[in-house]
Amino acid sequence: TKYVVFDKTGTLTKGVFDVTGIYPGRDFTEDELLEYAAYAESYSSHPISKSLREACGELDARRATDAQEIAGHGVRTMVDGHVVLAGNARMMDDSKITYTKNTGTGTVVYVARDGQFLGSVLIADEVKEHSKQAIAALKAQGVNPCLAVILVGENPASQVYVRGKVKDCGECGIKSLELRMPETTTQEELLAKIAELAADKTVNGILVQLPLPKQINEHAVIDAIPPEKDVDGFSPVNVGRMQTGQPCFLPCTPAGCIRMIESTGTKIDGKNAVVIGRSNIVGKPAALLLLAKNATVTVCHSHTANLKEICANADILVAAVGRAGFVTGDMVKPGAVVIDVGINRGADGKLHGDVNFEEASAVAGYITPVPGGVGPMTRAMLMKNTTQAAAMQNGVAI
Ligand code: GUN
């Protein structure tokens with residue numbers, strides 16, 4: 001039986017364990033439950049669910065049915081002090097997994113496919129847990145970290161992302177100010193709001209959710225955020241410091257990608273890394289961070305010739321193009337670490353990554369799911385940056 005086990009530090013371990021109980025589920029917001037309900041259908045046809053069904057063929061019909069049900073929603077369970085992940089590692093509803101309670105001790109029935117499955121939830125949880133402890137220590141010294149998140153307009157994806165960020169702040173003990181401004185906001189109005197937050201000593205981090213409405217110049221806005229409060233790591237000072245290897249706030253998504261790659265035990269040093277996409281938010285900084293770790297880095301984009309051949313040589317493949325299913329199985333080197341940054345809402349209303357998961361997961365050594373991969377990790381890195389900002393601004397070591 002093959003299955004995947006992460007310990008609490010996100011380290012991947014394999015072995016045979018006995019089921020001893022359930023890992024307590026986290027609380028989910030109503031929005032999240034609705035979102036996951038919408039994806040439940042796709043989960044049940046998810047390749048991991050399918051391989052679970054196959055693996056469960058040896059079990060009696062009743063147990064196999066339950067296992068399918070579990071797989072359909074993603075499972076995590078405590079096994080000898082480890083957390084076993086199957087499916088998306090996200091539960092819709094704890095009541096759905098009461099079956100795992102009944103397994104008692106015995107052979108683990110939760111199986112992932114041959115290529116290991118890299119779920120980020122526990123890695124993200126670990127980063128968040130670390131921030132939580134640092135924040136408690138800061139509070140004991142009279143420092144109350146605070147993040148201001150500005151959302152201009154009604155972009156549905158941005159609204160979901162901002163809600164996630166605010167929720168994570170709450171979980172970590174960071175005060176959040178969710179500031180919503182109308183779609184018609186002028187650049188002057190937004191700059192005035194940023195100036196106000198920049199001058200406010202009780203605000204440690206300022207994040208302006210992108211994209212912005214077209215009447216607002218993104219560069220002017222990012223330039224207005226003081227570098228010491230720029231927890232997104234987007235300001236020219238932080239970008240320049242990153243490029244030259246100086247201490248700075250690292251952009252959350254690329255920093256999270258590196259963390260996930262390293263969590264697999266993969267050494268980045270000397271590897272061929274290919275980044276598809278050259279955005280300021282992900283592609284370019286991801287390439288710089290991989291280079292800083294001594295990878296041989298190729299950045300591909302819409303003008304790249306021989307894309308398939310270049311990708312097929314990648315030990316590490318980061319897909320950040322914004323096109324659903326863009327990376328097909330034949331573009332993946334066997335055993336590669338594939339990080340899918342894409343979050344594309346399909347005509348079917350569901351979220352799709354930039355990678356064709358079904359094809360790529362049959363080839364990759366490790367692959368991140370969408371949703372539930374890079375997204376939670378990005379938010380965890382934001383918590384880390386905000387904690388750091390609060391500590392630095394108050395001259396407190398953490
Ligand atoms: N839009 C998409 N990703 C990001 C991000 O990491 N930060 C901000 N501010 N906006 C985004």
Side-chain angles (χ1 to χ4, degrees), residues 115-116 118 120 123 210 232-234 236 238-246 248 250-344 352-370 373-375 377-378 381:
Q116 289 109 343
L118 175 59
S120 81
I123 308 166
L210 304 176
D232 254 334
F234 290 170
N238 280 313
V239 173
R241 293 180 71 89
M242 174 180 66
Q243 169 150 1
T244 50
Q246 299 175 72
C248 61
L250 293 178
C252 304
T253 301
C257 292
I258 299 287
R259 183 74 176 234
M260 291 171 80
I261 295 164
E262 291 185 327
S263 80
T264 66
T266 301
K267 296 272 173 292
I268 296 174
D269 197 311
K271 295 290 192 319
N272 285 336
V274 171
V275 179
I276 317 177
R278 54 175 161 177
S279 70
N280 290 331
I281 295 184
V282 186
K284 281 186 214 164
L288 281 172
L289 293 180
L290 287 161
L291 182 62
K293 297 256 175 196
N294 296 325
T296 302
V297 183
T298 308
V299 182
C300 297
H301 46 79
S302 55
H303 294 233
T304 300
N306 308 327
L307 180 72
K308 204 164 269 187
E309 288 77 3
I310 295 169
C311 292
N313 193 34
D315 305 302
I316 296 164
L317 185 59
V318 178
V321 254
R323 284 170 61 181
F326 183 79
V327 175
T328 45
D330 56 349
M331 294 164 75
V332 176
K333 181 176 175 178
V337 180
V338 179
I339 305 291
D340 190 349
V341 183
I343 302 181
N344 311 290
H352 300 272
D354 287 349
V355 177
N356 180 324
F357 189 91
E358 179 135 21
E359 289 180 17
S361 61
V363 187
Y366 301 89
I367 185 165
T368 64
V370 176
V374 170
M377 195 69 222
T378 294
M381 295 316 247

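Counting from 1, the numbers follow the sequence of the chain as shown.
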Nearest heavy-atom contact between A319 and V327 is CB-CG2, 3.9 Å
Residue set satisfying side-chain contact (heavy atoms from CB on, under 4.5 Å) with L250, at least two apart, ordered chain then number -> M242, C248, A255, L289
Residues which pass side-chain contact (heavy atoms from CB on, under 4.5 Å) with A295, listed by chain and number, not counting sequence neighbours
I268, A273, L290, V297
Can you sort out the partners of T266 under side-chain hydrogen bond (donor to acceptor under 3.5 Å, both in side chains), two or more places apart, ordered by chain and number?
T264
Looking only at heavy atoms, what is the nearest atom pair of C300 and I310, with distance?
SG-CG2, 3.8 Å
Looking at side-chain heavy atoms only, is the closest gap between F357 and D340 below 4.5 Å?
no
Answer whether the closest heavy-atom distance between the side chains of I281 and F234 falls below 4.5 Å.
yes
Donor-acceptor contact below 3.5 Å, side chain Q246 vs main chain R241:
no
Distance col, row L291:CG vs L288:CG, nearest 0.5 angstrom, shows 6.5 Å
Atom CE of M381 and atom CG of D232: how far apart are they, to the nearest 0.5 Å?
13.0 Å
Please determine whether side chain to side chain contact (heavy atoms under 4.5 Å, CB included) holds for the pair I276 and H301, giving the CA-CA distance in whole Å, both sets of side-chain angles, and the decisive distance to 0.1 Å.
CA-CA 6 Å; I276 317 177; H301 46 79; over 6 Å; no
Residues which pass side-chain hydrogen bond (donor to acceptor under 3.5 Å, both in side chains) with E309, listed by chain and number, not counting sequence neighbours:
none
For A360 and V355, the nearest pair of non-hydrogen atoms, with its separation, is CB-CG1, 3.4 Å
Nearest 0.5 Å, what's the OG1-CD1 distance between T368 and I339?
5.0 Å
Which residues share a side-chain hydrogen bond (donor to acceptor under 3.5 Å, both in side chains) with E262, sequence neighbours left out
K293
Excluding sequence neighbours, so at least two apart, what forms side-chain contact (heavy atoms from CB on, under 4.5 Å) with A324?
N344, H352
Any residue meeting salt bridge (charged side-chain N to carboxylate O under 4.0 Å, His left out) with R278, in chain and number order, not counting sequence neighbours:
none
Is there a donor-acceptor pair under 3.5 Å between the side chain of S279 and the backbone N or O of V282?
yes
Who passes side-chain contact (heavy atoms from CB on, under 4.5 Å) against V363, sequence neighbours left out?
V332, P334
Using every non-hydrogen atom in the two residues, find where P285 and P251 come nearest and quote the distance to one decimal.
CB-CG, 3.6 Å
When rounded to the nearest 0.5 angstrom, what distance separates CZ in R259 from OG1 in T378?
13.0 Å
Results of side-chain hydrogen bond (donor to acceptor under 3.5 Å, both in side chains) for N313 - residues two or more places apart only:
none
What pair of heavy atoms forms the shortest contact from A314 to A336, and how long is it?
O-CB, 3.4 Å
For C311, the option from L317, D330, V338 that meets side chain to side chain contact (heavy atoms under 4.5 Å, CB included):
L317
Flag the pair V341 / V318 as yes when at least one side-chain heavy-atom distance between them is below 4.5 Å, and no otherwise.
yes
May I have all residue pairs that pass side-chain hydrogen bond (donor to acceptor under 3.5 Å, both in side chains) and include part of residues 267-276, sequence neighbours excluded?
D269-N294
